[in-house]
Amino acid sequence: MNILRHIGSYALMLSKTLKKPEKTRVFWSRFVREVSVMGIGSLPLVLIISFFIGGVIVIQTASNISSPFIPAYLIGFTTRQSMILEFSTTVIGLILIGKVGSSIATELGTMRITEQIDALEIMGVNSKSFLILPKIFALVFVNPLLTIFSIGIGIVAGMWVGDLTGLCPMKQYVLGVQYSFKMSDVTYSLIKSIVFGFIISSIPAYFGYFVKGGAVDVGKASTSAVVYTSIVLLFMNYVITQLMLL
Amino acid sequence: MIELQNIKKSFGDNEVLKGVSLTFETGSMNLIIGASGSGKTTIAKCMVGLHSPDSGKVLFDGRDFHNLNFKEQKNIRKDIGFLFQGSALFDSMTVEENVSFPLQMFSSLSKNEVKERAQMYLEKVGLSHALKLYPSELSGGMMKRVGIARAISAGPKYLFCDEPNSGLDPQTSVVIDELISSLTKEFNITTIIITHDMNSVMSIGQNVFFIHKGNLLWKGSSKEILTTKEKELTDFVYASSFLKEVKNQIISK
Ligand SMILES: Nc1ncnc2c1ncn2[C@@H]1O[C@H](COP(=O)(O)OP(=O)(O)O)[C@@H](O)[C@H]1O
Ligand SMILES: [Mg+2]
């Protein structure tokens with residue numbers, strides 16, 4: 001019952017959020033700010049994580065290939081596929097929930113308990129649209145770019161690691177990265193990252209916007225936001241995968 | 001003119017407002033006084049639609065606020081300035097941006113005109129030196145003054161101030177009271193101040209409303225307060241030992 005009620009008020013919130021902004025100029029300036037905070041601000045984290053994941057995939061794949069009949073270029077192929085299909089969308093998504101999602105919930109929750117949201121409402125501003133819409137737009141825009149960035153870093157990191165450790169010669173690796181490339185995999189990945197961008201911004205916004213109480217409740221809301229957003233993200237990951245890859 | 005007719009409001013089992021009726025004339029200075037927890041903030045929030053009353057009406061110049069559609073409510077809200085008990089400044093914006101904000105959202109003024117206006121109001125509240133500071137860098141009194149400047153920057157018809165001088169030193173309190181009072185006269189605003197500061201009541205109270213446990217117990221002018229026989233009100237007015245002493249001395253003379 002509780003879950004249904006939450007879904008209902010989440011949908012209601014979205015219907016108030018997805019409205020034409022009162023002042024387009026103000027909207028775009030907030031959008032740009034969110035893009036730089038969430039997008040550019042997440043670059044270092046995405047870089048580090050993608051680098052290590054790319055490296056680890058190469059080592060793991062190589063250590064599982066013992067037969068001389070399996071060509072080494074498969075290591076490059078596997079790294080590319082793993083990054084595109086799962087790591088650069090789902091893993092990066094889960095990490096962004098911890099970084100971006102929790103900060104959205106905390107920011108809105110703090111604005112709620114310090115009556116800043118009430119102040120907006122009294123002025124006649126649609127506070128949902130004003131506060132949440134730029135965040136959703138920004139993350140839906142930025143997340144696919146972060147995904148592409150992550151794929152690139154992961155593949156390059158794999159190449160270095162393979163070469164330095166001698167597990168996979170660079171020539172073979174590059175061959176593998178190009179082997180049997182399907183554009184549809186990239187499309188699948190980008191669609192996931194767009195959907196995830198929407199989830200990672202809107203669900204934490206819901207938890208933050210409706211906080212009641214004090215600082216402790218803001219903390220709790222932020223934790224719930226991370227937990228529930230992660231569950232929804234993994235669920236949607238399954239749904240999209242079944243729809244697109246089967 | 002704002003009229004409240006028989007407003008009732010409960011939070012769960014807690015019956016906070018038990019049928020409050022009040023009238024605030026256009027261009028008048030009104031004070032709502034009462035102990036902490038008596039329901040003063042709840043009255044103000046019911047008036048502007050942050051709470052919806054369980055029953056009763058709020059009329060803004062005859063328009064029944066809680067029965068208007070969203071757009072009409074919004075039009076009334078654009079005429080309301082509200083100073084929150086905790087100031088509620090936008091902490092991601094500078095002082096100047098806070099004060100410009102209502103103008104930027106709803107006026108057709110150019111960027112430069114908005115800036116000039118904001119600076120003019122900040123000058124009025126004595127903060128022209130703090131334009132570029134963020135709320136976290138301000139003292140309590142400065143925050144209240146920014147809150148006032150923000151509340152009046154869009155030229156409201158109705159001004160609500162929730163405890164504008166709580167937590168301020170007596171001198172700053174006086175400055176803020178005078179500021180609100182002069183703005184009320186200058187712009188013919190209907191002003192409603194919530195306070196439990198007797199000093200404000202005496203210096204700027206034109207019409208005073210005493211709320212006790214969710215009921216309007218007394219109304220009158222600040223002069224009449226001194227001679228009232230209403231027990232709850234005299235208890236409230238002479239709560240401080242200093243005033244009690246003064247009162248006793250006067251009586252003994
Ligand atoms: N949002 C709310 N939810 C539940 N109870 C509330 C809420 N706001 C106020 N109250 C209760 O209403 C009563 C009056 O509060 P308030 O109007 O803030 O008093 P005042 O401003 O006169 O100090 C208090 O008992 C308070 O606990
Ligand atoms: Mg109060």
Side-chain angles (χ1 to χ4, degrees), chain A residues 12-13 15-17 19-38 41 103-135 138 205 208-215 218, chain B residues 11-12 41 44-45 47-52 65 68 70-93 97-111 114 135-136 143 146-147 150-156 158-162:
Chain A
L12 218 61
M13 179 196 88
S15 76
K16 288 258 160 54
T17 302
K19 286 250 164 76
K20 193 178 163 294
E22 262 133 338
K23 279 259 159 124
T24 330
R25 190 161 48 85
V26 175
F27 171 82
W28 286 115
S29 84
R30 293 184 69 82
F31 171 80
V32 169
R33 211 188 66 193
E34 299 292 356
V35 166
S36 85
V37 171
M38 303 200 283
S103 91
I104 290 178
T106 308
E107 180 188 334
L108 292 177
T110 306
M111 289 189 77
R112 166 63 72 194
I113 64 163
T114 55
E115 299 182 311
Q116 294 177 51
I117 292 182
D118 288 340
L120 285 170
E121 286 290 321
I122 282 188
M123 290 173 191
V125 176
N126 173 350
S127 63
K128 295 188 185 82
S129 165
F130 179 79
L131 295 171
I132 303 172
L133 194 63
K135 294 189 194 297
Y209 188 88
F210 290 103
V211 165
K212 280 200 176 72
V218 174
Chain B
F11 295 105
T41 300
K45 289 193 172 174
M47 289 174 74
V48 299
L50 289 176
H51 292 322
S52 45
F65 185 85
L68 296 175
F70 181 71
K71 212 170 183 171
E72 292 165 326
Q73 283 190 345
K74 196 165 145 172
N75 283 333
I76 291 185
R77 283 182 165 176
K78 286 181 195 165
D79 288 334
I80 294 176
F82 201 109
L83 172 66
F84 284 84
Q85 208 164 335
S87 298
L89 301 180
F90 303 125
D91 47 26
S92 62
M93 301 182 193
E97 286 163 350
N98 263 280
V99 178
S100 314
F101 183 78
L103 293 166
Q104 194 190 4
M105 289 303 285
F106 296 115
S107 73
S108 49
L109 299 177
S110 74
K111 228 177 178 168
V114 167
S136 58
M143 284 198 219
V146 178
R150 185 179 70 180
I152 60 172
S153 66
Y158 319 103
L159 178 63
F160 293 76
C161 300
D162 194 352

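Numbered from 1 within each chain, the chains take letters A, B, ... in sequence-line order.
- One distance of note links CD1 of A:Ile117 with CG of B:Leu50; it measures 11.5 Å at 0.5 Å rounding.
- When heavy atoms are compared at a cutoff of 4.5 Å, A:Val26 approaches chain B solely by way of its side chain, counted from C-beta outward.
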Extract the chain A to chain B donor-acceptor pairs under 3.5 Å, no hydrogen or angle test applied.
| residue | atom | partner | partner atom | Å |
| --- | --- | --- | --- | --- |
| A:Glu22 | OE2 | B:Lys74 | NZ | 2.5 |
| A:Lys23 | NZ | B:Gln104 | O | 3.1 |
| A:Lys23 | NZ | B:Ser107 | O | 3.1 |
| A:Glu115 | OE2 | B:Lys45 | NZ | 2.6 |
| A:Gln116 | OE1 | B:Asp91 | N | 3.3 |
| A:Gln116 | NE2 | B:Asp91 | OD2 | 3.1 |
| A:Glu121 | O | B:Arg77 | NH1 | 3.3 |

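- Heavy-atom minimum distance, B:Ala88 versus A:Ala119: O-CB, 4.1 Å.
- There is no contact between B:Ile76 and chain A, counting heavy-atom distances below 4.5 Å.
- Heavy atoms of B:Phe160 lying under 4.5 Å from chain A are absent altogether.
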